[in-house]
Every structure is written in structure tokens, then in C-alpha cells.
Amino acid sequence: MAINFADTRVTATSNDKDVHVKVVKLIFSDFVTGGTASVKAVLPADSTILSMSYWKKTAFSGNSISAATLSIGISGAATQFVNAFDVHTPAAGTNARLTPITNIMQDYNPDTRTDISLLFTGTATTGNPTAGEMYVAIEYVR
């Protein structure tokens with residue numbers, strides 16, 4: 001993130017950051033009744049999340065599943081970034097940004113932060129799916 005500090009002279013390259021993308025594959029077994037949070041990606045301590053998007057490769061189906069949601073957060077705040085995003089309704093082949101997404105673009109201080117372990121919680125309703133696959137792309141700078 002481009003942050004200027006009062007005691008830093010601004011130059012043409014002083015705010016430059018490199019953009020990185022991590023991609024997480026989620027399959028049907030990642031979505032269970034009641035949901036189970038698990039670490040699926042770790043970002044370096046000096047990372048600032050810019051956005052998250054998804055690509056739903058195949059539909060979640062089987063065992064009479066009637067809904068599926070995805071939450072993304074950190075330890076102690078499992079929904080800090082994404083809270084119960086509907087991944088069941090969008091058609092297979094859909095690619096879009098996760099919305100709403102909260103608590104991104106925050107200032108960082110690599111001296112006082114640790115790596116960011118992202119918890120993904122897939123929750124299914126009615127039954128656990130037996131098929132389905134999607135990908136989540138996390139775009140961040142550091």
C-alpha cells in the first residue's frame with residue numbers, strides 16, 4: 001500500500017510495492033455442515049490485502065446440499081475479511097470479486113506483526129456436498 005510518512009521524502013519510487021497473488025483451491029470436502037476453519041494461505045507480515053476474487057469451477061452438489069458459504073478471516077476473527085459469502089448460488093464458471101470484503105488496505109508494520117494465517121471456513125447447509133470445486137485469489141502488496 002502506498003503510505004507516506006511525515007519524515008520521509010517523497011520520490012518517484014518511494015511508494016512502490018510489489019503486487020502478489022496467492023490462489024487457494026477449495027473442494028467439496030472443505031464445505032461441511034457447521035463449518036470448519038482451516039488455514040489455507042499464509043501472507044508475509046508486511047502484506048496489505050488489496051482484494052479477493054473467486055472462480056467457481058464446478059457446482060457444489062450432493063447429499064441434498066441447499067446452501068454453501070465461505071468466510072475468510074484470521075485466528076480469533078474467522079470472518080474478519082469475508083463473512084458467509086454465498087458460493088452455492090453462482091453458476092459454475094463464474095468469476096467475480098468476493099463482496100463485501102472488509103478490513104483490507106490497513107497500514108502494516110513488519111516489526112510488530114507476524115505472518116498472516118488466513119482461515120477459510122466453508123459451511124454447508126442440509127448436507128455435506130460430494131462434488132464441487134472453486135478457487136480464491138488473494139491479491140496483496142508488500
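Count residues from 1 along the sequence.
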- So, Ser51 versus Arg97: side-chain donor-acceptor pair below 3.5 Å or not? yes
- Query: Does the gap between the ring centers of Phe28 and Phe60 come in under 6.0 Å?
  - Reply: no
- Answer with yes or no whether the side chains of Ser71 and Thr121 bring together a donor and an acceptor at under 3.5 Å. no
- Query: When rounded to the nearest 0.5 angstrom, what distance separates CD1 in Ile138 from CD1 in Ile72?
  - Reply: 6.0 Å
- Message: Measuring only between side-chain heavy atoms, which start at C-beta, is Pro100 closer than 4.5 Å to Phe85?
- Response: no
- Task: Please check if Leu119 and Leu70 belong to a single hydrophobic cluster, counting links between Ile, Leu, Val, Met, Phe, Trp and Tyr side chain heavy atoms closer than 4.5 Å.
- Result: no
- Task: Mind listing the closest non-hydrogen atom pair of Asp30 and Leu26 along with its distance?
- Result: OD2-CA, 3.3 Å
- Side chains of Tyr140 and Ile116: does their closest heavy-atom pair fall under 4.5 Å? no
- Message: Please say yes or no: joined through hydrophobic side-chain contacts below 4.5 Å, possibly via intermediate residues, are Val87 and Val32 part of one cluster?
- Response: no
- Ile104 and Leu50: which non-hydrogen atoms are nearest, and at how many Å? CD1-O, 3.1 Å
- Task: Return the minimal non-hydrogen interatomic distance between Thr123 and Phe31, and the atom names on each side.
- Result: N-CD2, 3.8 Å
- Query: For the side chain of Lys57 and the backbone of Ala92, is there at least one donor-acceptor N/O pair under 3.5 Å apart?
  - Reply: no
- What's the verdict on side-chain contact (heavy atoms from CB on, under 4.5 Å) for Arg142 and His20, showing C-alpha distance, side-chain angles and the deciding distance? CA-CA 8 Å; Arg142 64 180 300 239; His20 301 270; 3.5 Å; yes
- Query: Side-chain heavy atoms under 4.5 angstrom apart, residues restricted to Ile, Leu, Val, Met, Phe, Trp, Tyr: same cluster for Leu43 and Ile101?
  - Reply: yes
- Note on the structure: For Ser66 and Thr126, the nearest pair of non-hydrogen atoms, with its separation, is OG-OG1, 2.5 Å
- Are Trp55 and Met52 in one and the same hydrophobic cluster, where Ile, Leu, Val, Met, Phe, Trp and Tyr link if side-chain heavy atoms are under 4.5 Å apart? no
- Applying side-chain contact (heavy atoms from CB on, under 4.5 Å), run through Lys40 and Leu118 and close with a yes or a no. CA-CA 6 Å; Lys40 298 288 186 181; Leu118 296 178; over 6 Å; no
- Which atoms form the tightest heavy-atom contact between Gly127 and Ala124, and what is the distance? O-CB, 3.4 Å
- Message: side-chain contact (heavy atoms from CB on, under 4.5 Å) for Met134 and Val136? Distances and angles first, verdict last.
- Response: CA-CA 7 Å; Met134 71 178 291; Val136 174; 4.1 Å; yes
- Query: Can a donor-acceptor pair be found between the side chains of Asp86 and Thr69 at a distance below 3.5 Å?
  - Reply: no
- Query: Would a hydrophobic clustering, with Ile, Leu, Val, Met, Phe, Trp and Tyr connected at side-chain separations under 4.5 Å, put Val21 with Ile49?
  - Reply: no
- Message: So does Gln80 get a backbone contact from the side chain of Asn103, meaning a donor-acceptor N/O pair under 3.5 Å?
- Response: yes
- Where do Ala41 and Lys22 come nearest, in terms of heavy atoms and distance? CB-CD, 4.5 Å
